[in-house]
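The chains referred to below are lettered A, B, ... by the order of the sequence lines, with proteins before strands, and numbering in each begins at 1. Quick note: numbers below take in every heavy atom, side chains included, and nothing from hydrogens, waters or symmetry partners.
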There are 2 protein chains.
Amino acid sequence: MMSVTIKDVAKVANVAPSTVSRVIANNPRISEQTKVKVREAMEQLGYHPNFIARSLANQSTQVIGLVTPGSSDVFFQNPFFPTVLRGLNEGAHEHQYALQLVTGKSEDDIYNGVVQMVQGGRVDGVILLYSKVEDRIVTYLQERNFPFVMIGKPYKMAESITHVDNDNIQAGFDATEFLIGMGHERIAYIGGDKQLVVTVERLQGYKDALAQAGLPYRESYTVHESFLLEGGKDAICALMELPVSDRPTALLVTDDLMSLGVLNTLSELDMTVPEDISMISFNNVLFSEMSRPPLTSVDINIFQLGFEASAQLIKRVEDKSVPHRRVTVPHHIVKRFSTEYVKK
Amino acid sequence: MMSVTIKDVAKVANVAPSTVSRVIANNPRISEQTKVKVREAMEQLGYHPNFIARSLANQSTQVIGLVTPGSSDVFFQNPFFPTVLRGLNEGAHEHQYALQLVTGKSEDDIYNGVVQMVQGGRVDGVILLYSKVEDRIVTYLQERNFPFVMIGKPYKMAESITHVDNDNIQAGFDATEFLIGMGHERIAYIGGDKQLVVTVERLQGYKDALAQAGLPYRESYTVHESFLLEGGKDAICALMELPVSDRPTALLVTDDLMSLGVLNTLSELDMTVPEDISMISFNNVLFSEMSRPPLTSVDINIFQLGFEASAQLIKRVEDKSVPHRRVTVPHHIVKRFSTEYVKK
DNA sequence: TAACATTTTGTAAGCGTAAACAAAATCGCA
DNA sequence: TGCGATTTTGTTTACGCTTACAAAATGTTA
């Protein structure tokens with residue numbers, strides 16, 4: 001499958017290969033006249049530049065590597081993923097970058113994948129779609145001084161890592177305040193894995209809001225479960241073991257998927273939302289509005305998280321000297337039908 | 001960021017660059033002795049092969065291009081996507097291939113993206129994650145004789161296109177038969193876009209099953225809507241306009257997402273599933289079991305679709321002469337709680 | 001041990017493009 | 001018209017690797 005090369009074009013246009021190369025780059029040092037001539041030849045031959053050769057000469061590929069958490073299987077399932085991908089995609093596309101996935105099953109697999117990508121020169125930069133405690137990949141990238149950005153808040157050294165994130169403390173605060181504003185005083189927090197920075201931060205916001213309203217924080221009102229469906233179930237059962245008069249009148253659930261589990265469990269227990277108990281969720285993914293009742297949810301602008309991440313990374317790739325920064329993507333509460341004023 | 005090259009290794013190991021190259025390829029014409037020597041040098045220097053250079057010399061990149069339908073935004077949303085991606089990922093990973101997304105918003109964008117990828121030598125092959133009528137991309141790839149496989153059934157020339165698909169006629173048949181087996185005789189078909197081959201095929205299976213059972217096929221029992229949520233709503237409203245005694249006792253819905261819409265609409269109309277009406281769905285994505293009631297759904301093995309697609313493509317890439325073939329991924333009905341025997 | 005077969009390693013060209021440097025063409029102005 | 005300044009184009013090397021071909025080293029046999 002011998003392709004048309006720059007040399008073929010040069011021959012047809014009767015110029016040197018370098019001239020053709022310059023025409024492609026639209027170098028101003030080539031006269032309009034020959035530019036036209038060369039372009040005609042390109043057209044005629046159906047020339048398309050070879051990215052690989054260009055990459056080798058340039059030492060740059062125009063490709064961004066996407067790194068998913070070790071348990072990619074689970075991650076892919078979360079509706080967060082498609083949306084953030086859409087954002088990444090659009091951000092990359094705007095600057096003519098392509099996206100490549102680091103494939104791998106185990107944690108080790110992924111690590112090696114990243115190393116190969118980076119050392120192999122396959123990508124110009126890398127985006128981490130997660131943030132976790134003690135990440136070898138982060139360490140590796142930092143040591144090599146390789147451009148990367150992270151979605152979420154770095155576990156440490158946040159000042160020296162460009163990252164895109166929500167203000168999750170504020171989001172937790174706002175959601176809690178929203179419930180308090182509806183008269184709720186017994187509000188439970190159902191969060192995901194405590195290892196995740198996001199869980200901790202939203203919890204902080206929750207506590208802050210309680211404190212500001214003069215409401216007590218109770219250990220028994222916070223439950224941590226995995227982000228999966230079952231997580232929701234287990235969480236709710238734990239809460240329902242409390243004496244009736246002590247049960248929460250509202251729930252703060254940090255993930256829509258978990259919320260769905262909670263909803264189902266509640267309905268099994270013959271409790272209706274929002275009549276018996278109010279519920280505010282996070283992320284506002286597609287099916288927040290597909291559940292019954294549709295969920296009031298904190299929209300964290302997932303698309304934008306992805307979009308900004310791409311934009312920031314490309315900025316770093318093209319100029320390594322730009323200072324590290326944090327981009328905060330705004331959030332807002334989308335009110336639907338899972339929240340109601342508390343009954344007096 | 002001058003990296004360690006094959007030459008550096010050669011110097012340290014005191015051999016020629018070509019020898020190093022051969023050691024990397026584990027060429028049997030190199031003695032074990034020098035292999036060890038060279039590997040030590042590689043280790044010592046922290047050598048990693050440069051994929052780009054290798055690609056250029058090899059004329060192969062070990063990268064697979066993934067093409068989403070023009071409306072990628074919508075496609076990403078469908079829970080089909082993450083699962084098929086997981087399968088693709090795993091299939092590719094097994095053979096050390098990476099996945100690259102064709103980015104683009106409009107149909108034209110995507111087309112150009114594919115052309116660039118292909119002509120630019122960025123990818124060794126391409127997987128189309130959809131099947132549609134009159135596709136320029138298919139035409140283009142065929143003209144260039146570029147390796148590709150399709151997920152779904154090609155609109156035409158299916159014999160000359162390697163593709164991975166379910167037996168959707170059979171699946172439609174089985175689902176319908178399942179309902180008939182529960183005593184249902186008035187069964188409605190709610191399908192997606194008629195342009196999609198899959199919709200047409202499942203409808204065919206539905207008709208076949210009715211015919212075999214001696215049940216009449218009625219035009220008024222088939223509704224076609226988009227795959228989105230609202231599709232489900234509109235569809236159900238149309239059916240509910242029929243006289244009571246004529247209303248279906250069971251529904252066949254060709255997509256889980258639509259099913260969810262149907263469920264919600266039904267509940268708004270105070271009809272309960274499966275007591276008032278039974279329902280069987282397709283695809284069995286994550287939230288088939290998250291809905292209330294959990295959906296009986298035809299599992300089409302989405303993961304496997306992806307996995308096989310990768311495997312088949314890689315086979316073609318590595319040997320262009322393998323004959324085109326169709327891979328049929330099996331399906332099976334997962335019984336949950338949305339189907340019940342008809343009341344006499 | 002000579003003569004040749006076989007195994008192992010080295011030399012060099014090429015993959016398609018970019019860009020530094022060199023050469024040629026054009027221009028302006030005296 | 002001629003000469004330097006400027007614009008335009010050409011020559012060549014480099015990017016890091018693979019591989020055909022050439023050369024050297026080793027082994028085999030009489």
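- The distance from atom OG of A/Ser3 to atom CZ of B/Arg144, rounded to the nearest 0.5 Å, is 5.5 Å.
- When the shell of 6.0 Å around NZ of B/Lys35 is examined, it contains more than 12 heavy atoms from other residues, nucleotides or ligands.
- In this structure a side-chain-to-backbone donor-acceptor pair under 3.5 Å is present from B/Lys320 to B/Asn145.
- Atom CD of A/Gln59 is separated from atom C1' of D/dC17 by 13 Å (rounded to the nearest Å).
- Distance alone, capped at 3.5 Å, is enough to place a donor-acceptor pair between the A/His324 side chain and the A/Thr162 backbone.
- In this structure, the side chain of A/Gln62 engages the main chain of A/Gln96 through a donor-acceptor pair within 3.5 Å.
- To the nearest 0.5 Å, atom CG of residue A/Asn89 and atom CD of residue A/Glu94 are 11.0 Å apart.
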Listing time: all N or O pairs from protein to nucleotides 22-26 of chain D that are below 3.5 Å?
none

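- One axis for each end of the helix from C/dT1-D/dA30 to C/dA30-D/dT1, each built from five base pairs, and the angle between them comes to 50° at 10° resolution.
- One atom, NZ of B/Lys7, and another, C1' of C/dA12, lie 12 Å apart when rounded to the nearest Å.
- If you find the closest nucleotide of DNA chain C to B/Ala57 and to B/Asn14, the one lying nearer the 5' end belongs to B/Asn14.
- The CG atom of A/Leu66 sits 11.5 Å away from the CG atom of B/Leu99 when rounded to the nearest 0.5 Å.
- Note that OH of B/Tyr130 and CG of B/Leu196 are 11.5 Å apart. Values are rounded to the nearest 0.5 Å.
- Residue B/Glu107 qualifies as open at atom CD: its count of foreign heavy atoms under 6.0 Å is 12 or below.
- A donor-acceptor pair is defined here as one N or O able to donate and one able to accept, closer than 3.5 Å; such a pair exists between the side chain of A/Asn301 and the backbone of A/Pro330.
- At a non-hydrogen distance threshold of 4.0 Å, B/Tyr47, B/Pro49, B/Asn50, B/Ala53, B/Arg54 from residues 47-54 of chain B come into contact with DNA chain D.
- One atom, CG of B/Leu56, and another, P of C/dA18, lie 12 Å apart when rounded to the nearest Å.
- One atom, CD of B/Gln119, and another, P of C/dT17, lie 12 Å apart when rounded to the nearest Å.
- Here the CG-OG1 distance, from B/Asn14 to B/Thr34, works out to 11.5 Å after rounding to the nearest 0.5 Å.
- In this structure, the CD atom of A/Gln62 is 14 Å from the C1' atom of C/dA18, given to the nearest Å.
- Scanning for side-chain contact (heavy atoms from CB on, under 4.5 Å) contacts around B/Arg86 gives A/Asp73, A/Phe76, A/Gln77, B/Thr83, B/Phe303, with sequence neighbours left out.
- Across all strands shown, B/Val15 has heavy atoms under 4.0 Å from sugar-phosphate atoms exclusively, and none from any base.
- Remark: P of D/dT18 and CG of B/Asn26 are 13 Å apart, rounded to the nearest angstrom.
- Spacing between atom CD1 of A/Ile6 and atom C1' of C/dC15 amounts to 13 Å, rounded to whole angstrom units.
- Atoms CD1 (B/Ile30) and P (C/dT8) sit 8 Å apart, rounded to a whole Å.
- When each of B/Val9, B/Ile6, B/Val38 is paired with B/Ser21, the side-chain contact (heavy atoms from CB on, under 4.5 Å) condition holds for B/Ile6 and for no other.
- Distance check: A/His95 NE2 to A/Lys315 NZ gives 8.5 Å after rounding to the nearest 0.5 Å.
- DNA chain D lies under 4.0 Å from no heavy atom of any residue of residues 33-41 of chain B.
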Might you list the N or O atoms of the protein lying below 3.5 Å from N or O atoms in nucleotides 11-13 of chain D, with each pair's distance?
unit_1: D/dT11; atom_1: O4; unit_2: A/Ser18; atom_2: OG; d: 3.2

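- For OH of A/Tyr140, the number of neighbouring non-hydrogen atoms (other residues, nucleotides, ligands) closer than 6.0 Å is greater than 12.
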Could you walk me through whether A/Met157 and A/Gln142 pass side chain to side chain contact (heavy atoms under 4.5 Å, CB included), step by step?
CA-CA 11 Å; A/Met157 296 199 284; A/Gln142 283 193 304; 3.2 Å; yes
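- For the pair A/Asn50 (side chain) and A/Ala53 (backbone), a donor-acceptor distance under 3.5 Å is present.
- Distances shorter than 4.0 Å separate none of the side-chain N or O atoms of B/Ser55 from OP1 or OP2 on D/dC17.
- Counting any heavy atom pair closer than 4.0 Å across all strands shown, A/Ser21 reaches a base atom.
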